Amino acid sequence: MAFVQFSQVSLAFGDRDILKNVSVNLQAGSKAALTGANGAGKSTLIKVMAGLVQPDSGKRVAQKDARISYLPQSGLTHHGSTLREEADKAFAFGYELHEELERIGDELKNNPPNTKVLLEKQDAILTELENSGWNRRSVTAEQVLIGLGFSHEDLDRQTEEFSGGWQMRIALAKALMVNPDILLLDEPTNYLDIEARAWLEKFLKDYKGGFLLVSHDRYFLDHTINVVYELFNGDLHKYPGNFTHYEKMREVELETLIAQYEQQQAEIAKLEDFIRRFGVKATKAAQAQERQKMLDKLRENEIVIPESLKKIHFTFPAAPHSGHLVLTLEKVSKSYDGERKVLNNLNLLVENGDRLVVAGHNGAGKSTLLRIIAGSAGIAGGDTDFSGSVKLGAGVSVGYFSQDNAESLKGSQSILDLLESEAPLELIPRLRDMLGAFLFRGDDVFKSIDVLSGGEKSRVALLRLLLRPVNLLVLDEPTNHLDMHSKDVLMDALKDFGGTVIFVSHDRGFIEGLSTRVLELKPGHFRTFPGDYAYYMQRLEDETNGLVSPDSSVGGSLPLASKQSFSATPSPRDSAPKTPEVPSAGKQSWEEQKKAASERRKIEREVEALEKEIESVENKLKEAQNKMANPEVYSNGEKAKALQQEIDALSAHLDDLNAKWEAAAEKLG
């Protein structure tokens with residue numbers, strides 16, 4: 001069985017320990033994730049595992065002839081060959097083995113005395129070639145490339161024609177297609193859209209070898225791995241289970257750690273206060289020196305809370321009031337070449353409070369649509385070259401984020417100075433926490449805008465936008481340069497946002513956690529779905545399996561006056577239940593119609609009242625759960641018990657209300 005393993009490996013950069021006596025064993029069947037805060041050393045650990053960085057001490061052992069594929073985060077480019085030819089380079093080991101076979105064949109012609117040994121070696125090479133999939137390499141290469149989003153036409157394009165993100169897809173494809181024994185993948189999902197991520201997810205589920213990967217996509221990790229390694233302060237800890245299970249276990253550990261941390265910080269503050277007050281007094285000098293020794297010892301063993309596990313929450317400035325109808329698109333069409341229409345007669349209504357995700361394959365027009373909305377609001381970077389009409393509702397103010405806009409951010413101001421000059425007064429005291437949540441920690445906040453990388457500028461531009469009082473956020477890939485913790489902070493803030501959100505994202509967990517409606521775009525076609533993204537995906541699966549038929553209004557013919565709906569009941573927090581059609585007068589008498597309409601209105605009022613009560617109870621439950629996270633509560637047995645009883649009662653009441661809502665919604669069809 002092929003393997004690669006560490007044993008008591010240590011590595012330091014200057015006076016900083018990156019790895020301290022770390023041991024890891026990867027073999028066939030290992031499905032592992034590596035997590036830790038930014039800068040913890042995850043990429044370095046993977047490079048040591050790949051044999052690219054030598055440790056200061058300890059051993060790295062790999063089985064002889066084990067094939068190990070390594071993918072870095074970025075920086076790989078390809079040129080001088082077609083995509084098909086570049087893919088074939090991944091099979092270099094096979095060509096080398098064929099050269100060895102030819103050499104053995106030449107030796108065997110001379111009937112050497114070691115014929116038996118040569119024949120055994122020849123048989124071993126042929127077996128290795130067969131097991132590696134060498135004879136199926138062309139088919140395998142094409143399947144992997146298509147799975148990762150390349151088209152058949154792309155196969156004969158020169159590799160230098162592809163952009164940076166697609167260059168990394170080529171590198172990922174080459175790492176996968178050789179069917180290695182061990183895969184080491186550093187942020188493989190960074191440049192993948194949601195369809196390519198789904199393909200990679202399935203590939204790793206079926207993969208027979210072992211892999212270790214770094215990713216900030218919780219959904220992807222939950223569906224691919226069965227063990228998590230956390231790197232923190234040079235130490236590596238192992239947590240069996242998927243990523244969500246790791247987070248739950250770590251949260252329990254963190255509660256104890258936070259209590260110890262706060263107790264230690266109180267002791268440090270007490271010692272510092274004594275030293276500050278009495279250090280200069282001769283009569284107290286001895287005691288002050290003793291306190292200083294105690295303080296130094298505490299500092300040496302100071303507890304550190306992992307940044308990735310700190311709970312940070314922020315809220316947007318209050319969204320200005322707007323009307324119920326936020327945005328109306330009528331017969332919007334867009335073509336870049338005058339022939340093929342990316343958008344074709346798109347009709348759409350967006351209402352106040354919607355969290356609308358725009359879904360579709362690359363090239364379907366998602367970013368184009370968001371640019372058109374931004375352009376119609378007069379925002380720089382928007383697109384005004386389209387046909388049809390885009391109308392903003394009364395009082396609607398738009399905030400737009402895209403990667404292109406972020407790149408244009410310039411100036412000699414520090415990040416902190418820039419945000420302090422633009423933030424509402426009530427948010428200025430929380431800017432440091434918010435910057436920390438967006439991965440700017442310590443002295444990073446004093447960096448000049450001009451020296452920031454593209455990813456750093458993207459995070460500043462996003463945070464800058466979120467500090468502005470708008471009521472319609474149009475967000476194109478807002479999570480691209482955020483880690484998992486930052487995504488959670490952003491998603492919680494967007495859920496609590498008092499306005500409307502239209503967004504594109506390739507992070508399925510983020511989409512499922514935020515969306516309440518889905519707009520599906522295909523070249524020249526569109527459909528809207530009233531439920532969340534999980535419902536949308538189930539709908540597509542049902543269509544694929546023939547359980548339901550695709551809606552007949554696909555293609556832009558949906559009447560503007562109503563949202564398109566399907567036969568599924570969304571949750572009360574996502575959408576109001578749909579009103580069934582009233583039978584025609586030929587089927588019902590006027591009295592029957594009147595009675596049916598009256599009954600329907602009664603049930604609709606009941607549903608509306610239940611939804612309001614559900615929202616109220618959910619808010620109370622959330623407030624109680626937040627209180628439970630307060631050390632003053634969970635460290636006090638009586639308070640914690642009383643609060644837990646309140647939480648249990650609210651949860652039971654919420655279950656009862658949801659059951660009543662479902663029953664009422666069922667009556668409406």
Side-chain angles (χ1 to χ4, degrees), residues 149 189 192-202 215-224 242-244 327 346 348-351 353-362 364-367 369-370 373 401 472-480 482 484 487-497 499-522 525-545 547-548 550-551 554 558 563-578 618:
T189 59
L192 301 183
D193 58 25
I194 199 163
E195 292 79 20
R197 291 186 189 203
W199 182 89
L200 179 59
E201 177 191 314
K202 185 177 186 306
S215 175
H216 291 148
D217 188 329
R218 182 184 286 104
Y219 182 94
F220 179 78
L221 291 176
D222 273 345
H223 288 76
T224 53
N242 66 13
F243 198 84
T244 296
L327 183 69
L346 172 62
L348 179 69
L349 295 179
V350 180
E351 297 177 354
D354 277 346
R355 270 53 173 160
L356 176 71
V357 61
V358 185
H361 291 275
N362 276 3
K366 302 187 297 294
S367 293
L369 173 60
L370 268 55
I373 295 171
F401 169 83
L472 173 58
L473 286 169
V474 180
L475 308 175
D476 193 359
E477 293 290 353
T479 64
N480 262 10
L482 303 180
M484 206 173 297
K487 290 177 190 177
D488 289 344
V489 172
L490 175 61
M491 183 166 65
D492 287 344
L494 289 172
K495 283 181 177 179
D496 294 339
F497 175 53
T500 305
V501 183
I502 301 173
F503 70 104
V504 171
S505 176
H506 291 152
D507 187 304
R508 181 158 175 179
F510 184 82
I511 295 172
E512 289 195 352
L514 183 60
S515 63
T516 60
R517 286 182 65 205
V518 180
L519 169 64
E520 177 193 72
L521 294 182
K522 293 183 179 180
H525 300 264
F526 73 92
R527 294 193 295 176
T528 58
F529 296 75
D532 61 15
Y533 195 78
Y535 160 63
Y536 164 67
M537 293 302 293
Q538 183 62 52
R539 172 76 191 198
L540 296 188
E541 183 179 336
D542 290 346
E543 289 178 4
T544 300
N545 295 332
L547 299 177
V548 295
D551 193 270
V554 171
L558 181 65
K563 296 181 184 177
Q564 179 176 336
S565 61
F566 296 102
S567 57
T569 304
S571 70
R573 286 165 293 179
D574 294 334
S575 177
K578 300 172 288 297
E618 282 181 335

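Quick caveat: nothing in here was measured; it's all calculated off a predicted structure.
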For this session: Side-chain contact test, heavy atoms from C-beta onward, threshold under 4.5 Å: evaluate it for D507 versus L482 and give yes or no.
Result: no
Exercise. Rounded to the nearest 0.5 Å, how far apart are CG of L221 and CG of N242?
Worked result: 9.0 Å
Problem set entry | Residue pair Y536 / E520, side-chain donor-acceptor N/O under 3.5 Å | yes
Exercise. Counting only N and O atoms by type, is there a donor-acceptor contact under 3.5 Å from the side chain of N545 to the main-chain atoms of L547?
Worked result: no
Problem set entry | Sub-4.5 Å side-chain heavy-atom contact between V357 and L514 | no
Exercise. Can you check whether L370 reaches K366 side chain to side chain, under 4.5 Å on heavy atoms?
Worked result: no
For this session: Compare all side-chain heavy atoms of L192 with those of F220 and state whether any distance is below 4.5 angstrom.
Result: no
Exercise. Looking only at heavy atoms, which two atoms of D217 and H506 are closest? And how far apart?
Worked result: OD2-O, 4.4 Å
For this session: Could you tell me whether the side chain of F526 reaches within less than 4.5 Å of the side chain of L519, counting heavy atoms only?
Result: yes
For this session: Decide if atom NE2 of H361 counts as having more than 12 heavy atoms of other residues, nucleotides or ligands within a radius under 6.0 Å.
Result: no
Problem set entry | L490 vs F510 side-chain heavy atoms within contact, under 4.5 Å | yes
For this session: Output yes when a side-chain donor or acceptor of R355 lies under 3.5 Å from a complementary backbone atom of L494, and no otherwise.
Result: yes
For this session: Using a strict 4.0 Å threshold on nitrogen-to-oxygen distance, state whether E543 and R539 make a salt bridge.
Result: yes
Problem set entry | Passing option when I502 is tested against L348, L369, L327 for side chain to side chain contact (heavy atoms under 4.5 Å, CB included) | L327
Seminar exercise, completed: dist L475:CG -> S505:OG (nearest 0.5 Å) comes out at 10.0 Å
For this session: Specify the closest pair of heavy atoms between V501 and F503, including all atoms of both residues, with the distance to one decimal.
Result: CG1-CD2, 4.0 Å
For this session: Taking D532 for its side chain and S515 for its backbone only, find out whether a donor-acceptor pair lies under 3.5 Å.
Result: no
Problem set entry | Minimum heavy-atom distance between M484 and S215, given as atom pair plus value | CE-O, 3.8 Å
Exercise. Between atom CD1 of I511 and atom CE of M537, what is the distance when rounded to the nearest 0.5 Å?
Worked result: 9.0 Å
Problem set entry | Sole residue of H216, R197, E201 in side chain to side chain contact (heavy atoms under 4.5 Å, CB included) with T189 | R197
Exercise. Looking at CG of L200 and OG1 of T224, how far apart are the two atoms once the value is rounded to the nearest 0.5 Å?
Worked result: 8.0 Å
Exercise. CG of L521 to CG of L346: how many Å apart, nearest 0.5 Å?
Worked result: 6.5 Å
Problem set entry | Heavy-atom pair with the smallest gap, counting every atom of D476 and S367 | OD2-OG, 2.7 Å
Exercise. Taking C-beta and beyond as the side chain, do R517 and E351 meet within less than 4.5 Å on heavy atoms?
Worked result: no
